[in-house]
Protein chains: 2
Amino acid sequence: MSVEVSAGLQALDGDVFDTNCPSRGVLEHVTSRWGVLVLAALGERPMRFSELHRRIGGVSQKMLAQTLRALAADGFVDRQVTPAAPPQVTYRLTALGEQAAAHVVGLVGWIERHLPDILAARGGA
Amino acid sequence: MSVEVSAGLQALDGDVFDTNCPSRGVLEHVTSRWGVLVLAALGERPMRFSELHRRIGGVSQKMLAQTLRALAADGFVDRQVTPAAPPQVTYRLTALGEQAAAHVVGLVGWIERHLPDILAARGGA
DNA sequence: TCCGTTGGTTACCTTGAGGTACGTACTTTC
DNA sequence: GAAAGTACGTACCTCAAGGTAACCAACGGA
């Protein structure tokens with residue numbers, strides 16, 4: 001793989017074209033079906049579980065929880081529990097997450113803005 | 001859905017948070033497992049099929065062909081056949097594809113550069 | 001009193017993404 | 001004359017992504 005220890009402490013950059021590079025895993029978390037949308041949503045503002053669930057159309061509770069766990073494990077999302085009568089859990093982006101989300105939001109925004117062009121290129125205008 | 005005809009000719013922007021918006025489909029093509037890597041590879045330079053196959057570690061011929069077809073259908077990739085003794089097919093980004101690829105390359109590049117940070121956040125330093 | 005909300009987990013089941021393997025038609029190289 | 005490279009298409013099969021449904025505990029409102 002591409003991330004190795006050379007003299008004992010050196011961490012090299014990743015190479016997504018390499019099957020065995022761990023960056024592949026990170027890329028797949030970030031670009032996963034629901035991962036993209038979670039990052040984009042949290043890029044707007046921190047949200048609670050049910051708020052995210054309502055914001056992201058079509059996601060099941062199971063997949064939302066699973067996606068949030070994966071993003072939290074990669075250090076992109078911070079899970080914050082406020083002990084209260086109805087359980088209250090807030091998710092927010094970490095510093096790392098905000099940078100990743102910025103790129104994702106850029107891509108998502110571009111797609112949304114250029115959707116007419118894309119559909120035109122498809123239908124063959 | 002979010003892309004509709006209002007007065008008869010107006011095409012609105014998409015909304016990826018809406019399950020029924022066609023932008024969801026486009027987003028999933030672009031962020032698909034192999035779609036990201038194809039866009040990133042073609043962002044470097046136009047390539048032939050076998051060149052792409054070698055460049056992108058782990059992709060099968062079947063999935064590469066399928067991904068290229070999807071991206072071509074969305075108008076991101078141009079397929080150019082040069083009739084020759086050994087078949088010669090070159091793939092290049094369209095104008096639309098270059099813009100999309102720019103965002104993807106940005107994200108991929110960020111992940112590659114920050115991989116050490118991400119792995120550190122994971123392992124829990 | 002019973003329902004709905006919150007934030008999940010778990011079990012079960014289906015679908016489809018994606019891998020393997022083989023066919024093809026032609027050509028160059030050993 | 002046998003193998004290998006080019007650019008796929010197709011059939012077959014597997015495994016995991018992901019959906020559905022049920023459950024939980026505590027509280028507020030009708």
Side-chain angles (χ1 to χ4, degrees), chain A residues 16-20 24-39 41-42 45-74 77-93, chain B residues 16-20 24-39 41-42 45-74 77-93:
Chain A
V16 283
F17 293 114
D18 180 349
T19 321
N20 299 320
R24 274 291 258 278
V26 176
L27 181 65
E28 278 167 27
H29 287 165
V30 171
T31 62
S32 71
R33 181 164 182 202
W34 302 117
V36 185
L37 297 176
V38 166
L39 288 176
L42 291 181
R45 57 191 156 81
M47 289 188 198
R48 300 179 49 180
F49 186 88
S50 54
E51 217 176 339
L52 277 168
H53 190 217
R54 269 177 256 114
R55 179 84 178 108
I56 302 175
V59 71
S60 64
Q61 292 190 327
K62 176 190 161 188
M63 287 314 298
L64 182 54
Q66 189 172 308
T67 303
L68 284 168
R69 256 183 283 139
L71 292 177
D74 281 341
V77 163
D78 180 45
R79 178 191 148 102
Q80 189 179 333
V81 185
T82 305
Q88 183 152 344
V89 183
T90 303
Y91 294 92
R92 63 183 68 250
L93 295 174
Chain B
V16 284
F17 293 114
D18 180 350
T19 321
N20 298 319
R24 275 290 258 276
V26 175
L27 182 64
E28 278 167 27
H29 287 166
V30 171
T31 62
S32 71
R33 179 164 185 202
W34 304 116
V36 184
L37 297 175
V38 166
L39 288 177
L42 291 181
R45 57 193 155 79
M47 289 188 197
R48 299 180 50 181
F49 186 88
S50 53
E51 217 175 340
L52 277 167
H53 190 218
R54 269 177 256 114
R55 179 82 178 111
I56 303 175
V59 71
S60 65
Q61 292 188 329
K62 176 191 161 189
M63 288 313 298
L64 181 55
Q66 189 173 307
T67 304
L68 285 167
R69 254 183 283 138
L71 292 177
D74 281 340
V77 162
D78 181 45
R79 178 191 148 102
Q80 188 178 334
V81 185
T82 306
Q88 183 152 345
V89 182
T90 303
Y91 294 91
R92 62 182 69 251
L93 294 174

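Reminder, nothing fancy here: chain letters follow the sequence lines and each chain counts from 1.
At least one side-chain heavy atom of B:Val77 sits under 4.5 Å from a side-chain heavy atom of B:Leu93.
The side chain of A:Phe49 lies closest to C:dG7, out of D:dG19, C:dG7, D:dG9. For A:Gln61, the listed nucleotide lying nearest its side chain is C:dT9; candidates were D:dC8, C:dT9, D:dA7. Here C:dC12 is the nucleotide among C:dG8, D:dC8, C:dC12 with the atom lying nearest to any side-chain atom of A:Lys62. With D:dC8, C:dT6, D:dT20 as the candidates, the nucleotide lying closest to the side chain of A:Pro87 is C:dT6. Proximity note for A:Ala65 (side chain, C-beta onward) versus C:dG8, D:dG19, C:dG7: the nearest is C:dG8.
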Applying side-chain contact (heavy atoms from CB on, under 4.5 Å) to B:Leu68 and B:Leu52, what does each step give before you reach the verdict?
CA-CA 10 Å; B:Leu68 285 167; B:Leu52 277 167; 4.1 Å; yes

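A straight line from CE of B:Met47 to C1' of D:dC8 spans 19 Å, rounded to a whole angstrom. What separates CD of A:Gln66 from C1' of D:dA16 is a distance of 10 Å, to the nearest Å. Computed from coordinates, the B:Leu64 CG to C:dA17 P distance equals 17 Å when rounded to whole Å. A:His53 places its NE2 atom 11 Å from the C1' atom of C:dG8, with the value rounded to the nearest Å. In this structure, CD of B:Glu51 is placed 15 Å from P of D:dG5, rounded to the nearest angstrom. In this structure, CD of B:Gln88 is placed 21 Å from P of C:dA25, rounded to the nearest angstrom. Rounded to an integer number of Å, the gap from A:Gln80 CD to C:dG7 C1' is 15 Å. Residue A:Leu52 contributes atom CG, which lies 13 Å from atom P of C:dT6 at whole-angstrom precision.
In this structure, the side chain of A:Arg24 engages the main chain of A:Val16 through a donor-acceptor pair within 3.5 Å.
Of the side-chain N and O atoms in A:Arg79, one or more sit less than 4.0 angstrom from OP1 or OP2 of C:dG8. Proximity of A:Arg48 to the phosphate of C:dT6: no side-chain N or O atom is located under 4.0 Å from OP1 or OP2. One finds a side-chain N or O of B:Arg54 lying less than 4.0 angstrom from the OP1 or OP2 phosphate oxygen of D:dT6. The phosphate of C:dG7 has neither OP1 nor OP2 within less than 4.0 Å of any side-chain N or O from A:Arg69. Contact between the side-chain N/O atoms of B:Ser60 and the OP1/OP2 oxygens of C:dG18 is not found at any separation under 4.0 Å. Distances shown here put every side-chain N or O of B:Ser50 at or beyond 4.0 Å from the OP1 or OP2 atom of D:dG5.
Rounding to the nearest 0.5 Å places NE2 of B:His53 at 12.0 Å from CE of B:Met63. A distance of 11.0 Å separates CZ in B:Arg48 from OH in B:Tyr91, rounded to the nearest 0.5 Å.
Nearest-nucleotide mapping onto DNA chain D: of A:Trp34 and B:Leu68, the residue sitting toward the 5' end is B:Leu68.
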